Amino acid sequence: METKINKNNNFYIPQIEKRNKQSKRFRLYALSAVVLSLSFLAFFLIDIIKAGIPAFTQSSVKIEISIDEETANNPYGILERDMSRLVSRAWLRSFPKEIEAHPEWIGTTQTFWALLNAEADQYLKGTQSKLKENQKSKLDALLQEGLIERKFNATFFFTGDSKIPENAGFYAAIVGSVLTMLVTMSLAVPIGVMTAVYLEEFAPDNKLTQIIEININNLAAIPSILFGLLGLAIFINFFGVPRSSPLAGGMTLALMSLPIIIVSSKAALKSVPASIRQAGYALGLTKWQVTKDHVLPLAFPGVLTGSIIALAQAMGETAPLIIVGMIAFVPDPVTSLTSAATVMPAQIFTWSGMPERAYIEKTAAGIMVLLTVLISLNTIAVLLRKKFEVKW
Amino acid sequence: MINSSAKRRDLIESLIKSVLIFAAFISVLTTFGILFSIIFESVHFFQRESILDFLFGTEWNPDTAFLSGTARGAEDVASAQFGAVPIFAGTFYITFIAMAVAVPIGLFSAIYMSEYASTKVRNIIKPTLEVLAGIPTVVYGFFAAITVAPFLVDLFATFGMEASYRSALGAGVVMGIMIIPIISSLSDDVINSVPHNMRNGALALGMNKAETIKFVVLPSAMPGIIAAVLLGVSRALGETMIVVMAASLRPNLTMNPLEDMTTVTVKIVEALVGDQEFDSSLTLSAFALGLVLFVVTLIINIVSIVTIRRYHKKYKISNL
């Protein structure tokens, strides 16, 4: 390629060299565009992970408490003043329950690992903190004595939201997401697959069918927030579905996922060769018998993959859920489809608006959990497609 | 005997068919449901407020309670103002910034993937870029608010310029990053479907690779690329979480990208998240804004879908 051009050559045209240089420059632009967008992705992921990692550990302090009848009644008085400024209120609040569970402790002195509050935790993690100087030096001293330890933050995975930052967890949001997705998928998959079957197997090729198809394409591109307006005006105000409930959110998201499921199911049905259908008809089967016993089972992997991708997209959706009220403060995981709930992206949104610094790492950690779920779902979809892919 | 079972079979067949038709109509019903719910509430809104003031007014002051507290003239106190021009302007401005980021990067990425990269490299780059499209927008919003906005403020401070922490630029750039894969993936499909004969013809006439791309491939792929860009525009106009988290609540009619601006979607969220009763003008204004958003995105989407269909007919490709 890189041969030196002899400029005394009779056929040498100086313009060509210029043009070739331009050509190379063009290639460079194209390459740098790819590099730029890939580095956006990399920077973005690193930034989120860097912000989120600290949230997976929390600091605790080792304290000794002599327990008597009095401590059970007044947990806030058991610590010295300067220590009680550092220990989490949530930990102190749950302390009487601990004693109740262990009546044999009364009259003895026990050692506990008490959760530190968010400000102390943030200071120990090296970020800004509103602690006073003497509290900081107290923490430094405790750290020197080895009385402070960073432990895995189980609270994050096993509790719901809280106004006390160190006690706030993602669990209620995860449960809310699961329930909402159950509603979404149990509505969207059957309706979507039935629509695809109708359009691909039964529908005559006329104006009406074309309108339905264009409408589905258009539905996929309508801003998601407008689905929220529909959910609010029709499901909540007209049909009286309770606001903020997984039912309202799930139904709204189901309408949003429909186009994705329809398009992928149609593609899956289309890829089943016509000879299969013809063989069925030759044996005297009806259209529905051919579809249900032969075409649909063969198209199943494609339908499944499309549904999982739709599920992943619905799981990350926030805007329509905010409109139907799913940004409620939910300290306990929901148990019914009609009570107020929150979902993972909505919880991320709520935390990101909190003034306390400790919520920033919680937000990033929530994002990491959400992204992990979404990436695993997409990977599963790809693997399933590979595993069941049939080459006709 | 045979007769009756055949009859039953026919009955089941037609029953099933009507169930399937019903399912197919749910998606149509959804579109009409969105349309009617928005129009219905918008009509309520326009019964209270003037439609001309809404479309052409430049003052957005829905909060009458706040107004009455300030020392204004008596006639101002009573009426809230719903002039949406600053909101539309902010929406288009942020969309414009997003497209200024997404179109060049997305298009050049598509050119690299389809014209220069080997199949192996392309099969890695394309899905990786599509990860960008799969990231929830609330995550982009957090990124814009926590990382990009402070960075921009610091950056412009070194040039002696003052940028807002909720600047249009920050929200627009992050939105642009989100839209890159929409444009790159669709354009890549379109560029790939340009017949190889056309490239070979151009190369045979002595054009080099870049010239072939610029003067032959891109012009023939242009309708498809425009459709891809239009889909990107429609995504940007309707994008909510990024602007809710990184743009401002204040309607601001300005050309300075470093100032804060608001968008239609931010105002919809703001009006519907509060605790006011459902038939206040402020709540209903969300539906009027939604109606405008619906109409604009609908037109853009349909132009885009029809263009792509026509393009694919031209080159006889049937995968869309």
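Computed from a prediction, not measured in an experiment: that's the story for all the values here. Order of the sequence lines sets the chain letters (A, B, ...), proteins ahead of strands, with each chain counted from 1.
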In terms of heavy-atom proximity below 4.5 Å to chain A, should [X] be classed as side chain, backbone, both, or neither?
X	answer
B/F294	both
B/I300	neither
B/I177	side chain
B/V244	side chain
B/I180	side chain
B/T31	both
B/I34	both
B/F25	side chain

Does atom [atom1] ([X]) have a neighbourhood of more than 12 heavy atoms from anything else shown, all under 6.0 Å?
X	atom1	value
A/K21	NZ	no
B/F32	CZ	no
B/F151	CZ	no

Checking [X] against chain B: side chain, backbone, both or neither under 4.5 Å from a heavy atom?
X	result
A/A346	neither
A/I222	both
A/L226	both
A/I375	neither
A/I16	neither
A/L258	side chain
A/D47	side chain
A/L371	side chain
A/L374	side chain
A/L208	side chain
A/I48	side chain

Name of the residue among B/I39, B/I268, B/V43, B/L272 meeting side-chain contact (heavy atoms from CB on, under 4.5 Å) with B/F287: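 One option only clears the test, and that one is B/L272.
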Reference residue A/P320; test side-chain contact (heavy atoms from CB on, under 4.5 Å); the match among A/L232, A/I225, A/L253, A/L230: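 When A/L232, A/I225, A/L253, A/L230 are each tested with A/P320, the side-chain contact (heavy atoms from CB on, under 4.5 Å) holds only for A/L253.
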Among the listed options A/V35, A/N218, A/V197, the residue most often paired with chain B at heavy-atom distances under 4.5 Å: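 With the most close heavy-atom pairs to chain B, the winner is A/N218.
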Check: B/N301 side chain, B/T297 main-chain N or O, donor-acceptor pair, under 3.5 Å: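 Yes; judged by distance alone, with no hydrogens or angles, the pair exists.
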Test item: B/E239 side-chain N/O and B/M241 main-chain N/O as donor-acceptor pair under 3.5 Å: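 Present.
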Validation row, ring centre A/F44 to ring centre B/Y140 under 6.0 Å: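 Centroid distance A/F44-B/Y140: below 6.0 Å, so yes.
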Close aromatic pair by centroid cut-off 6.0 Å: A/F26 and B/Y112: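 Between B/Y112 and A/F26, which both carry aromatic rings, the centre distance is not below 6.0 Å.
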A/L38 and B/T128, any side-chain heavy atoms less than 4.5 Å apart: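 Counting from C-beta outward, B/T128 and A/L38 do come under 4.5 Å.
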Options B/I12, B/I16, B/L293, ranked by heavy-atom pairs under 4.5 Å with chain A, top entry: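 Of B/I12, B/I16, B/L293, B/I16 has the most heavy-atom pairs under 4.5 Å with chain A.
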